[in-house]
Amino acid sequence: FDVGFESVGIIAALGPGPHPEGIFVGAHVASMTYGGFSEFGVLSTRHLIPVGRASPAVVAMLLSGLTASIGLQEAGRMTTGEVVMITAAAGGTGMFAVQLAKLAGNHVIGTCGSDEKADMLRRLG
């Protein structure tokens with residue numbers, strides 16, 4: 001099986017069109033499909049997500065950001081004006097969850113394992 005799932009890159013070539021908006025040679029894209037650790041890949045355009053810049057930060061957003069978003073919005077049914085408790089708030093997914101909950105207008109309480117992590121969370125607001 002092809003190793004890796006999340007990836008970012010720049011489109012080097014395209015087959016015959018038409019293609020979705022934002023999908024063109026030179027476009028920066030992300031994908032969540034097997035083979036993400038490859039130097040090059042052949043993917044259906046339906047698996048491509050246009051991004052502003054193909055950077056490693058986008059890969060973190062694909063997994064941790066999506067996990068946080070689904071956890072808060074779908075599983076937790078988060079709305080606005082709530083108190084939201086986030087465990088492991090200083091971890092990758094936790095930091096996304098803290099920021100998403102704050103952006104939604106909630107009061108966030110987070111747990112973490114050290115004073116340094118607590119200071120970092122305070123700087124997030």
Side-chain angles (χ1 to χ4, degrees):
F1 97 105
D2 294 325
V3 179
F5 192 70
E6 303 87 10
S7 61
V8 294
I10 300 171
I11 297 176
L14 285 167
H19 303 292
E21 185 177 338
I23 303 299
F24 53 88
V25 173
H28 292 235
V29 294
S31 177
M32 293 181 73
T33 186
Y34 291 109
F37 291 172
S38 303
E39 186 174 353
F40 289 93
V42 177
L43 304 172
S44 168
T45 56
R46 71 173 184 241
H47 294 289
L48 301 177
I49 304 162
V51 296
R53 184 169 153 244
S55 73
V58 173
V59 175
M61 287 178 42
L62 289 173
L63 184 59
S64 294
L66 188 57
T67 300
S69 178
I70 290 171
L72 291 169
Q73 295 172 348
E74 300 299 323
R77 304 282 186 232
M78 180 184 72
T79 60
T80 299
E82 298 180 313
V83 175
V84 178
M85 171 74 170
I86 299 171
T87 59
T93 301
M95 288 197 313
F96 277 108
V98 167
Q99 293 175 77
L100 289 171
K102 287 184 63 57
L103 282 171
N106 294 299
H107 176 77
V108 178
I109 299 170
T111 65
C112 60
S114 72
D115 291 337
E116 293 81 14
K117 291 178 180 180
D119 289 340
M120 180 196 57
L121 289 170
R122 283 187 199 94
R123 287 193 299 274
L124 284 178

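These figures come from a predicted structure and were not determined experimentally.
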Please give me the minimum heavy-atom distance between [X] and [Y], naming the atom from each residue.
X    : Y    : value
K102 : L124 : CE-O, 3.6 Å
A30  : V8   : CB-CG1, 3.9 Å
S31  : L48  : CB-CD2, 4.3 Å
E82  : M78  : OE1-CA, 3.4 Å
I86  : A101 : CD1-CB, 4.4 Å
A89  : V98  : CB-CG2, 3.8 Å

Checklist entry - Which pairs pass salt bridge (Lys or Arg N to Asp or Glu O under 4.0 Å) with one or both residues in residues 29-54, sequence neighbours excluded? => result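 Counting only pairs at least two positions apart or across chains, no salt bridge (Lys or Arg N to Asp or Glu O under 4.0 Å) contact touches residues 29-54.
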Should [X] and [Y] be regarded as members of a common hydrophobic cluster, given that ILVMFWY residues are connected when their side-chain heavy atoms come within less than 4.5 Å of each other, either directly or indirectly?
X   : Y   : result
M32 : L43 : no
V51 : I11 : no
I49 : Y34 : yes

Check residues 113-121 and write down every donor-acceptor pair under 3.5 Å in which the side-chain atom is one partner and the other belongs to a residue at least two apart or another chain.
from	atom 1	to	atom 2	distance (Å)
S114	OG	E116	OE1	3.4
S114	OG	K117	N	3.1
D119	OD1	R122	NH1	2.8

Checklist entry - Okay, side chain of N106, backbone of V84: is any donor-acceptor separation there less than 3.5 Å? => result no
Can you give me every donor-acceptor pair (side chain of residues 54-74, partner residue at least two apart or in another chain, under 3.5 Å) with its distance?
from	atom 1	to	atom 2	distance (Å)
T67	OG1	L63	O	2.7
S69	OG	Q73	OE1	3.2

Item to check | NE2-CD1 distance between H28 and I10, expressed to the nearest 0.5 angstrom | outcome: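 If we round to the nearest 0.5 Å, H28:NE2 and I10:CD1 are 4.0 Å apart.
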Checklist entry - Can you check whether H19 reaches L14 side chain to side chain, under 4.5 Å on heavy atoms? => result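 Contact flag for H19/L14 side chains = yes.
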Checklist entry - Taking ILVMFWY side chains as joined if any heavy atoms are under 4.5 angstrom apart, and letting links pass through other members, which residues group with V83? => result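 V83 shares its hydrophobic cluster with M85, I109.
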Next on the checklist: Taking ring-ring contact (aromatic ring centres under 6.0 Å, His included) as the definition, give me every residue that meets it alongside F24, ordered by chain and number, with sequence neighbours left out.
Outcome noted: none
Checklist entry - In chain order, what residues pass the side-chain contact (heavy atoms from CB on, under 4.5 Å) check against P20, with sequence neighbours excluded? => result I23, T45
